[in-house]
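Below: one structure, written as C-alpha cells.
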Amino acid sequence: LTSSLLETVPNNKKLPLADIAASTVEIRKVPVLRLEDVMERIPADLPIEYLKVDVQGLDLQVLKSAGDHIRRVEKIRTEIANLEFYKGEGDEQRGTEAEFDEYLVSHGFRFQREFGIGPGRAWVDKIYLNTRPPSER
C-alpha cells in the first residue's frame, strides 16, 4: 500500500496491519531530485503558495533539500512518522516532530495545525505558515 526509499522495520507489531500495509517486498534503485533542483526552475517572481511533502519517512530530508528556496513557500504540509516504521541511519533517519518544528521555525515558519492520520498519532500531517512578508520571500 505504500512505497518508500527506506526499508521497513521487520516484524513491526506496533501498527495494526503493518505487515500488510508496508512491508519491504522489493528493493529498487530509483532516480531522485533534490527539491532545490525543482524549485529553482520555478521563476523567482512566481509565488509558491503550497508545498505538500509525503514521502514515507524522509520528509524532513526533502524539506531540507529545498535549501534557501524554502523561504519562497507560503504554506507547507508535511507528514511526520512518529513510530519507528522505517529503517534509517544518519541522513536517512526519519525526523522527529521536534526536529521538524525546529527546522521550519528556524526558516521563518510557524506551526498552524495538524491532522492525526494513524492510530495513536502514528503518522501526523502538520501545516506550517511562512511568517515572512511576501516581499521578503
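Worth saying up front: this structure is predicted, and the values here are computed from it rather than measured.
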Exercise. Okay, side chain of Asn130, backbone of Arg71: is any donor-acceptor separation there less than 3.5 Å?
Worked result: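 Side chain of Asn130 to backbone of Arg71: a pair is present.
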Problem set entry | Main-chain N/O of Val62 paired to Arg34 side chain as donor or acceptor, under 3.5 Å |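 Flag not set: sc Arg34 to bb Val62 has no pair under 3.5 Å.
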Working to the nearest 0.5 Å, report the span between [atom1] of [X] and [atom2] of [Y].
{"X": "Phe100", "Y": "Tyr128", "atom1": "CZ", "atom2": "OH", "value": "7.0 Å"}
{"X": "Leu104", "Y": "Glu99", "atom1": "CG", "atom2": "CD", "value": "11.5 Å"}
{"X": "Leu51", "Y": "Ile127", "atom1": "CG", "atom2": "CD1", "value": "11.5 Å"}
{"X": "Asp59", "Y": "Thr78", "atom1": "CG", "atom2": "OG1", "value": "4.5 Å"}
{"X": "Leu35", "Y": "Ile70", "atom1": "CG", "atom2": "CD1", "value": "7.5 Å"}
{"X": "His107", "Y": "Lys64", "atom1": "NE2", "atom2": "NZ", "value": "9.0 Å"}

Exercise. Just wondering, more than 12 heavy atoms not from Glu49 lying within 6.0 Å of its CD?
Worked result: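 For Glu49, atom CD is not crowded (no more than 12 foreign heavy atoms under 6.0 Å).
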Do the non-hydrogen side-chain atoms of [X] and [Y] ever get within less than 4.5 Å of each other?
{"X": "Val38", "Y": "Arg41", "result": "no"}
{"X": "Val124", "Y": "Phe115", "result": "no"}
{"X": "Ile76", "Y": "Phe109", "result": "yes"}

Problem set entry | Matching residue for Val53 among Leu60, Asp125, Leu63, Ile80 - test: side-chain contact (heavy atoms from CB on, under 4.5 Å) |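 In the set Leu60, Asp125, Leu63, Ile80, the residue that makes a side-chain contact (heavy atoms from CB on, under 4.5 Å) with Val53 is Leu63.
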Problem set entry | Note: Glu97-Lys126 ion pair, threshold 4.0 Å (strictly below) |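 Lys126 and Glu97: salt-bridged.
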Exercise. Hey, are Asp54 and Arg77 close enough for a salt bridge, meaning a charged N less than 4.0 Å from a carboxylate O?
Worked result: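 So Asp54 does not pair with Arg77 through a salt bridge.
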Problem set entry | Nearest heavy-atom neighbours spanning Met39 and His69 |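 What the structure gives for the nearest pair is CE-O, 3.3 Å.
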Seminar exercise, completed: Nearest heavy-atom approach of Leu58 to Val55 is C-CG2, 3.5 Å
For this session: Would you check, one step at a time, whether the test side-chain contact (heavy atoms from CB on, under 4.5 Å) holds for Val105 with Glu102?
Result: CA-CA 5 Å; Val105 166; Glu102 179 183 329; over 6 Å; no
